[in-house]
Amino acid sequence: MITVSILIHEDVVLSSACGPLDILTRTNQILAAHGKPPRFQVELVSEKTKNILLSDPAQFICHRTLAEVHHSDLIIVPAFKGDPDAVLEKNPALTGWIKAMHAQGAEIASLCVGCFFLAEAGLLDGKPCTSHWKVIEDLRHRYPRIRLQPDTVLTDRDGIYTGGGAFSSLNLVLYLVEKFCGKEIGIQTSKNFSINPDQTSQAHFAVFQGQRRHGDRDILKAQSFIEENYQNEISVEQIAGQSNMSKRNFIRRFKKATRNTPLEYLQRVKIEAAKKALEDGSKSISVLMYDAGYNDMKTFRGIFKRVTGLTPQAYRAKYCSREW
């Protein structure tokens with residue numbers, strides 16, 4: 001029997017706590033239907049009180065407080081709502097408890113932005129991590145030792161797991177079911193919840209907003225030039241000229257500031273424009289391709305799929321309400 005502790009606090013996202021609770025308890029029922037013993041003993045754990053009133057109109061009656069938990073095999077840290085600074089400052093005991101329990105041998109899994117607690121505890125240093133696309137730049141700025149993998153749905157390294165953004169993080173829970181119960185039970189559980197266990201990328205959910213938290217004014221100026229002129233044929237030399245830098249020095253500073261080369265940044269801006277046009281659905285793929293600054297369909301399709309994980313046609317079918 002694996003003891004699973006789901007960490008509860010007043011800022012927790014309701015679905016991020018209830019989702020794994022539902023999946024794990026239903027897995028026990030599936031095992032029972034096969035004449036097998038339950039695999040998971042699931043408990044809700046909180047810091048000071050067993051009656052946790054959420055910011056949503058809901059509350060949890062937890063099984064135990066942190067002080068009462070002396071052993072756990074797996075700790076699940078759900079996503080939270082609100083500013084990370086405020087949530088972390090409000091809950092320092094949770095960070096310390098996660099770190100202490102891991103030192104005692106517990107495995108730790110975070111869902112979506114729950115990874116902030118793992119990062120704060122130092123458990124993600126040198127390890128891969130995924131999360132919601134909205135917080136990737138914040139995580140990169142706060143915790144530079146983390147190996148961020150923003151397009152990945154889940155990561156698994158040395159008993160530390162992280163899940164992607166929002167409901168995609170439930171793929172991590174299914175992954176844990178398969179890991180501890182076997183592939184057959186994992187498949188049955190995924191069918192029960194109609195979750196695709198083969199999803200490996202969340203890149204198509206991301207909205208590129210530009211990496212601007214670096215403070216390099218010359219590079220910020222170059223980024224603005226790219227975003228205002230991406231439809232045109234612009235060269236790296238032209239972009240560098242906006243900041244009166246040599247091409248070599250400009251590329252070095254641009255990559256240091258944004259973690260992209262100027263060409264990679266230009267491609268991301270172009271693809272973001274194409275994504276919005278595909279979602280709108282008022283233009284054909286050929287037209288929106290030209291509007292985004294591409295002249296060759298094969299090149300456009302290749303770059304689009306590399307960035308988003310989907311072809312332009314598949315992306316439009318998934319996110320556009322218009323019929324073609």
- Task: Return yes if a side-chain donor-acceptor contact under 3.5 Å exists between T155 and T162, otherwise no.
- Result: yes
- Item | H102 NE2 to S72 OG distance, which is reported to the nearest 0.5 Å | 12.0 Å
- Task: May I ask whether L7 and L21 are part of the same hydrophobic cluster, defined by side-chain heavy atoms of I, L, V, M, F, W, Y residues being less than 4.5 angstrom apart, directly or through others?
- Result: no
- Aromatic ring pairing F254/Y265, orientation class (parallel under 30°, perpendicular over 60°, tilted between): perpendicular
- Just checking, any donor-acceptor pair under 3.5 angstrom between side chains of T27 and T189? yes
- Item | Donor-acceptor under 3.5 Å (H34 side chain, K36 main chain) | no
- Side-chain (K270) to main-chain (Y230) donor-acceptor, under 3.5 angstrom: yes
- Check whether V4 and I98 end up in the same hydrophobic cluster, where Ile, Leu, Val, Met, Phe, Trp and Tyr are linked by side-chain heavy atoms less than 4.5 Å apart. no
- Message: Please determine whether the number of non-hydrogen atoms from other residues, nucleotides or ligands lying under 6.0 Å from atom NZ of K127 exceeds 12.
- Response: yes
- Separation between CD (Q59) and OG1 (T49), nearest 0.5 Å, reads 9.5 Å
- Under 3.5 Å, is there a donor-acceptor pair linking the side chains of S282 and D280? yes
- Query: Between the side chains of E279 and Y315, is a donor N or O closer than 3.5 angstrom to an acceptor N or O?
  - Reply: yes
- Task: Decide yes or no for K179 and D156: does some side-chain heavy atom of the first lie under 4.5 Å from some side-chain heavy atom of the second?
- Result: yes
- Any Lys/Arg nitrogen of D291 or K276 sitting under 4.0 Å from an Asp/Glu carboxylate oxygen of the other? no
- Task: Check the hydrophobic clustering (I, L, V, M, F, W, Y; side-chain heavy atoms under 4.5 Å; chains of links allowed) and say if Y175 and I6 are grouped together.
- Result: yes
- How long is the span from the NZ atom in K50 to the CD1 atom in I8, to the nearest 0.5 Å? 14.5 Å
- Query: Linking I/L/V/M/F/W/Y whenever any side-chain heavy atoms sit under 4.5 Å apart, do V173 and F117 land together?
  - Reply: no
- Side-chain donor-acceptor pair under 3.5 Å between Q41 and H63, yes or no? no
- To the nearest 0.5 angstrom, please state how far the CG atom of D158 sits from the CD1 atom of I108. 13.0 Å
- Task: To the nearest 0.5 angstrom, please state how far the CD1 atom of I146 sits from the CZ atom of R140.
- Result: 10.5 Å
- Message: Quick check: is V13 connected to I75 through a chain of hydrophobic side chains (ILVMFWY, heavy atoms under 4.5 Å apart)?
- Response: no
- Give, for atom CD1 of I239 and atom CE of M245, the distance between the pair rounded to the nearest 0.5 Å. 11.5 Å
- Go through the side-chain N and O atoms of R316 and Q313 and say whether any donor and acceptor fall under 3.5 Å apart. no
- Scan side-chain atoms only and decide if S5 and E43 contain a donor-acceptor pair under the 3.5 Å cut-off. yes
- Message: Tell me whether the rings of Y294 and F300 are parallel (<30°), tilted (30 to 60°) or perpendicular (>60°).
- Response: tilted
